[in-house]
Amino acid sequence: MPTRSALLEEVIPLTLDGYAYSGRVVHQPNARMAPVVLVGGAFQRQNGWGRLEQGFLESASVITVDLPGWGGADRLPARYGFDFLARALDQLLSKVAPSPVNVLGGSYGSAVVHQWVRDHPGRAERMGLVGTMSHLADHVRARVEDTLRMAEKGRHAEFVECVVETMVCTSPRVTVTRRPTIVRCLSRALHDMTADDLAKYEDNSLRLLASPRLPAGPAVRVPALVTTGEHDPLSTPALSLEAASRLADARFTTVKDADHLVHLERPAEVVDLMTRFFSGEPLVGLDYCHAVERVRPRAMSTLPSPRPSDER
């Protein structure tokens, strides 16, 4: 792994329709595959990818972003949809990576990545989605609405507890790697949220509630790998598999001993899985995940809401 001094880190300030945001590129001079673009979830910042970023830097340049409504970017009103966020992502990538990239969307960011790849065919070599869902299931909507009510009423301790229980599988019957550490770190980060952070969370949550399913239209044809933790209580394996079935060329697996925060619980394994996929290597014989399966494409339809995985 090159030292940090051997890598060139570049921050790119941008504005779209008056909303300021930024992208960040860490250039790998000895890259052996196309740049990896990381688009994270509701609490992910462009400089907070840690072990995941370090792992991908072994083989590629890494691009991260604070889209409008994220991290250090301007607050983005909820009336702006995922199409606007995809436009913002495209503005960054058109500037720093005009050639095809490998793009990885996690949780909330998976909707942005899906929209961008769909809107810009040919710009992505391959697409990874982690902790995604085909539609906003009833249990997800209820949890999101609960957190919004708690935040609005200033019940911050309850808000933190609800968010943690939404993302982390707390069932004592299953094993989740590094669960005590992850719960402690996530709880601390949530307790430290500023008023601006909470306002952005509210906007992003309302945007999610207003976009209950993947957009209709032609299926994304880029080779895709969809995954999540086997115990994910939010974007359950059933919801993630259903999302994979809406893609024309998808593979699906779940990572063992992990839940929705799989990228924090098993970062080395997520990097290995996605690097193999982005490089076109076989996805067989991997002891940290279940067998990778090809998914038969399906047409959009009205779907039932699967129960959270720890209730099955």
Side-chain angles (χ1 to χ4, degrees), residues 1-16 19-41 43-74 85-110 112-117 119-130 222-225 227 262-264 266-281 283:
M1 178 68 198
T3 62
R4 173 61 65 179
S5 61
L7 302 173
L8 174 61
E9 184 173 337
E10 180 183 9
V11 176
I12 302 94
L14 295 161
T15 302
L16 183 62
Y19 294 97
Y21 67 108
S22 65
R24 174 176 163 273
V25 185
V26 183
H27 298 277
Q28 168 54 272
N30 300 311
R32 58 181 177 84
M33 67 181 189
V36 175
V37 181
L38 302 176
V39 183
F43 305 108
Q44 186 70 52
R45 292 173 177 264
Q46 65 179 3
N47 59 352
W49 286 95
R51 296 180 185 179
L52 214 67
E53 177 182 298
Q54 290 300 311
F56 283 123
L57 281 171
E58 293 186 13
S59 52
S61 297
V62 174
I63 301 169
T64 62
V65 61
D66 273 353
L67 292 169
W70 260 266
D74 284 349
L85 295 173
R87 282 177 55 207
L89 178 62
D90 186 63
Q91 180 172 260
L92 168 66
L93 296 181
S94 296
K95 187 178 183 66
V96 303
S99 299
V101 296
N102 293 305
V103 59
L104 177 61
S107 191
Y108 195 96
S110 66
V112 181
V113 165
H114 181 274
Q115 182 86 44
W116 178 76
V117 173
D119 291 347
H120 303 278
R123 294 287 303 282
E125 285 191 1
R126 294 190 169 219
M127 176 177 72
L129 301 177
V130 180
V222 169
L225 173 60
T227 189
V262 58
H263 67 293
L264 298 176
R266 309 205 67 180
E269 290 80 4
V270 172
V271 168
D272 183 71
L273 177 65
M274 287 297 170
T275 298
R276 288 172 183 270
F277 173 65
F278 290 152
S279 301
E281 298 177 19
L283 302 176

I'd like to know if the side chain of [X] reaches the main chain of [Y], judged simply by a donor and an acceptor atom lying under 3.5 Å from each other, with no hydrogens or angles considered.
X    : Y    : value
S279 : R276 : no
Q44  : G48  : yes
R51  : P267 : no

Restricting to non-hydrogen atoms, name the atom on [X] and the atom on [Y] that form the minimum distance, rounded to 0.1 Å.
X    : Y    : result
L67  : A88  : CD2-CB, 3.9 Å
W116 : A124 : CZ3-CB, 3.9 Å
S61  : A31  : N-CB, 4.2 Å
P100 : P35  : O-CD, 4.3 Å
V11  : S22  : CG1-CB, 4.4 Å
T275 : S59  : CG2-OG, 3.9 Å

Measuring from atom [atom1] of [X] to atom [atom2] of [Y], what distance do you get when rounded to the nearest 0.5 angstrom?
X    : Y    : atom1 : atom2 : value
N102 : R126 : CG    : CZ    : 8.0 Å
M33  : Q28  : CE    : CD    : 10.5 Å
L57  : L7   : CG    : CG    : 5.5 Å
I12  : L93  : CD1   : CG    : 10.0 Å
E269 : T227 : CD    : OG1   : 11.5 Å
F278 : E125 : CZ    : CD    : 10.0 Å

Does a side-chain heavy-atom distance below 4.5 Å link [X] with [Y]?
X    : Y    : result
R123 : D90  : yes
V117 : V113 : yes
I63  : V96  : yes
Y21  : Q91  : yes
L14  : K95  : yes
L92  : V37  : no

Under the criterion side chain to side chain contact (heavy atoms under 4.5 Å, CB included), I'd like the reasoning laid out for M274 against F56: C-alpha separation, chi angles, the key distance, then a yes or no.
CA-CA 9 Å; M274 287 297 170; F56 283 123; 3.8 Å; yes
Evaluate the ring planes of W70 and Y108, with Trp represented by its six-membered ring, and classify them as parallel (under 30°), tilted (30 to 60°) or perpendicular (over 60°).
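Rings of W70 and Y108: perpendicular, as their planes differ by over 60°.
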Could you tell me which residues satisfy salt bridge (charged side-chain N to carboxylate O under 4.0 Å, His left out) with R45, sequence neighbours excluded, listed by chain and number?
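For R45, the residues satisfying salt bridge (charged side-chain N to carboxylate O under 4.0 Å, His left out) (neighbours in sequence not counted) are D197.
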Counterpart residues, side-chain contact (heavy atoms from CB on, under 4.5 Å), relative to T15 (two or more places apart):
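T15: side-chain contact (heavy atoms from CB on, under 4.5 Å) contacts with A20.
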Does either side chain, that of E53 or that of T64, offer a donor lying less than 3.5 Å from an acceptor on the other one?
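Their side chains do not contain a donor-acceptor pair, so the 3.5 Å distance test is not met.
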